[in-house]
Amino acid sequence: MSSYFISEEQKDALQEVLNISMGQAADALARLIQTQVHLSIPSIKQSSSDHFIERLKNPDQQLAQQSFLGELSGEMISLMSDGDNAAIAELMNYDIPLVEHEKQELMLELTNILAGACLHGLISQLNFKIQLAAPVLLNPASICIEQLSWQQALLMEICFQIPQSSFNAEILICLKQDSLLPLKNHLDMLLQ
Amino acid sequence: MIDDKLALQLIRQLPIGACLVSTDYTILLWNDFFSERLQLVPEQALGKNLLELFPEQSKFLKRKLDSVLVLKNTSFSYWEQRPHIFHFKSSRPVTGHEELMYQNMEILPITNTAGDVSYLFIAIMDATTTASYSLALKQALSQLEEEHKAQAELIRKLEEAHNQLLQAEKMASIGQLAAGVAHEINNPIGFISSNMETLQHYCESLIQAINFAGSLISQSNSAELSKQFADFGKQRNLNFLLQDMPELITESLEGTGRVMSIVKSLREFSHVDSSEWKETNLIDGIESTLRIINNELKYKAEVHKNYQKDMPLVYCQSMQINQVFMNILLNAAQAMEQMGFIYIDIATEGDFAKVSIRDTGPGIEVQHLNKIFDPFFTTKAVGAGTGLGLSLSYSIVQKHKGKISVQSQIGQGAEFTILLPLHQQHEEQPEADSSVENIL
Amino acid sequence: MAIPITIADDSALSRKTIRRALPPEWEVSICEATNGKEAITAVENGLAEVLFLDLQMPEMDGYQVLTYLKQHHEKAVVIVISADIQPEAQALVNALGAFRFLKKPLEPALLGQTLKELGLL
Ligand SMILES: Nc1ncnc2c1ncn2[C@@H]1O[C@H](COP(=O)(O)OP(=O)(O)OP(=O)(O)O)[C@@H](O)[C@H]1O
Ligand SMILES: [Mg+2]
């Protein structure tokens, strides 16, 4: 990663902050759905816009998006496989089988929960104040590169798994380049 | 600065539903929006357990509230997925057709100084206008989609008609060509044949004359004359000549006979006015078709025929029915991987004349069975088949108010059955309403 | 005399955080390890009477270090400081012979109290 983007030291700190956040998130999620959950160690990447779009265009997955605004602003995108969500639905106390609008609701609910859980630790450790907007379903076909106003972004990727139910989801926390400054400042404060 | 009383009044009058519950779901605040639209005054709600008050939604609400409690995070619900959480009266009782209010909901955690959630704030937003707008849009969209589908279907039908037209045109011009050729050949072959017959008579007389000369010479007792005649005969191979000549002429006559019958078939087949309806003998139709395609059939299959005696005549467009026979027979021959059999059965069945053509070829795969009558469906190599043969046949039979069907078992062959009504309504003849009809 | 302690964590920020959280009155000589192998070397070289151990580390993770130490009867006082705070992780660590389990982000007060409880202060 180029130092212009984020320095090695800052990256180390961000990684540790994220690790701790995921630990807390996993604990909270496990308490919420009463099963052991697994969150992968987040990987921090710099991504170009075309790469990013490529990432989202997998026909087998469903996407939802949730924005966060405030001292740090960006978006969280959750990617879930289209297939078997009966197990997670049951854990989440839905009556299965799900009808279509319930599937959507579950997807949004999971996104909101994951976004909340994953961002909570990051925000509280770095002392940011943010607000979460409502999650919405995302149609990857509606995103086109011409509309994106950025070339490079910081992506934090996390895998979410429930070992007992074969359910897994990917979470992308995305920060545009111009949102990086507050992040870097707060990381530096932590490093002092 | 506003005082508590003012703040409370504000909350009461908020244009959104505002409800505060404790961590054990007890209702602590219930604003006017809630009480007016649900007709549930604060006294009936305050202090009650929210989940018990709304048992239908209790599972959903509990799930939402618990997630906020544990994750300390706002939770959302949308009208799209869950339109009516609370049975609020519609916000458009007069102009709208909605009975109930469409709602968006947010549940916010209210934390104390230690960071723990002490209250949950439920906010309900009226989304009826958006919802009805969006639903109307969706309906319009699906209507549009339906129309689009209908249009595509229309285009497909048009294409089909166009293809049939093309095929009909092709067949018509082939027919005209055949008729022309047949006509041209007919005259010369006519005099060749009659000359040959005359020649046969001449030849017979000539042979008799030579034989008579020979016997006269042998009776004259002139050894000199006999020897000269015998030598001459030997030199010219007269004996062989006399024997071979009639055979040559007979063979030639047979040949011209065949040519003449083919020409006759061609003319029958390509009857210039091909759409003419007339009382037709289907057996003659099959026979003349078989003669035309004899070449395609003879190395592929042995044809077995089983015709019902005194088959009634069928009122039909004979040329087109012949074309159906030809398409099916050619398909059978083309399908044949090695020498096989074709069985043709013609009989009556109820009010129908039934022609069935069965082959012992490889048969048709199950997944193709319902496609073979589609225009352009072919399993033949590019350029080898147009895939129009059966679709055209289908529409011809359809036009005769008949039925064409297929049965096939893989490895055992295929059987095409054509049913034509015996008592065709003659009035239907001037059914020249479609352009296809006109060309045919 | 200063007690030899080792802080084993792959994150520089984390090592710094632990250093800062150590009670100033506690006389120690500090060694840092960035992975499990280095942590074990430190223990074997007598540099870690107390070992602050992270769980997620490259080369050898915290669980492997604990297993190794248990097998080799090492006497180091191991205090696990981990981001994975699910009960399953805590139970496993305790079973592997760790003295205490502290959650990240580390609270200095809690660390001081823990050291007192263990009689190290
Ligand atoms: N007797 C048969 N045995 C096996 N397959 C057949 C038989 N008759 C028809 N078919 C299948 O049905 C398909 C469609 O036949 P159709 O006569 O419509 O078109 P085609 O023969 O492929 O082309 P064209 O008629 O222009 O030569 C053929 O390609 C072949 O796969
Ligand atoms: Mg054909």
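FYI, side chains are in, hydrogens and waters are out, and symmetry mates aren't considered; it's all heavy atoms of this structure. A note on names: the letters A, B, ... follow the listed sequences, proteins ahead of strands, and every chain is numbered from 1.
Heavy atoms of other residues, nucleotides or ligands lying less than 6.0 angstrom from NZ of Lys116(C) number 12 at most. Residue Glu54(A) places its CD atom among 12 or fewer non-hydrogen atoms of other residues, nucleotides or ligands, all under 6.0 Å distant. Dense packing is recorded around NE2 of His101(A), with more than 12 heavy atoms of other residues, nucleotides or ligands lying under 6.0 Å away. No more than 12 heavy atoms of other residues, nucleotides or ligands lie within 6.0 Å of CD in Gln131(A), so this atom counts as exposed by the packing criterion.
Residue contact with chain C, scored on non-hydrogen atoms closer than 4.5 Å, is absent for Gln15(A). Looking at Ile41(A), only its side chain comes within 4.5 Å of chain C, counting heavy atoms on both sides. For Asp54(C), no part lies near chain A; criterion is any non-hydrogen pair under 4.5 Å. Contacts of Gln86(C) with chain A are made by both backbone and side-chain atoms, with heavy-atom separations under 4.5 Å. For Gln24(A), the parts lying near chain C are the backbone and the side chain together; criterion is any non-hydrogen pair under 4.5 Å. If you measure heavy-atom distances from Lys16(C) to chain A, the contacts under 4.5 Å come from the side chain alone.
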Could you walk me through whether Lys103(C) and Ile20(A) satisfy the side chain to side chain contact (heavy atoms under 4.5 Å, CB included) test, starting with their C-alpha distance in whole Å, then the side-chain angles of each, then the deciding distance to 0.1 Å, before giving a yes or no? CA-CA 9 Å; Lys103(C) 293 177 183 177; Ile20(A) 295 171; over 6 Å; no

Dump the intermediate steps for side chain to side chain contact (heavy atoms under 4.5 Å, CB included) on Asp84(C) and Asn19(A), then the final yes or no. CA-CA 8 Å; Asp84(C) 183 357; Asn19(A) 288 354; over 6 Å; no

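When all heavy atoms of Pro87(C) and Asp27(A) are compared, the pair lying nearest together is CD-OD1, 3.9 Å.
Taken to the nearest 0.5 Å, the CG atom of Leu13(C) stands 5.0 Å off from the CG atom of Leu190(A). The structure places NZ of Lys104(C) at 10.0 Å from CD of Gln125(A), a figure rounded to the nearest 0.5 Å. Here the CG-CZ distance, from Asp12(A) to Arg15(C), works out to 7.5 Å after rounding to the nearest 0.5 Å.
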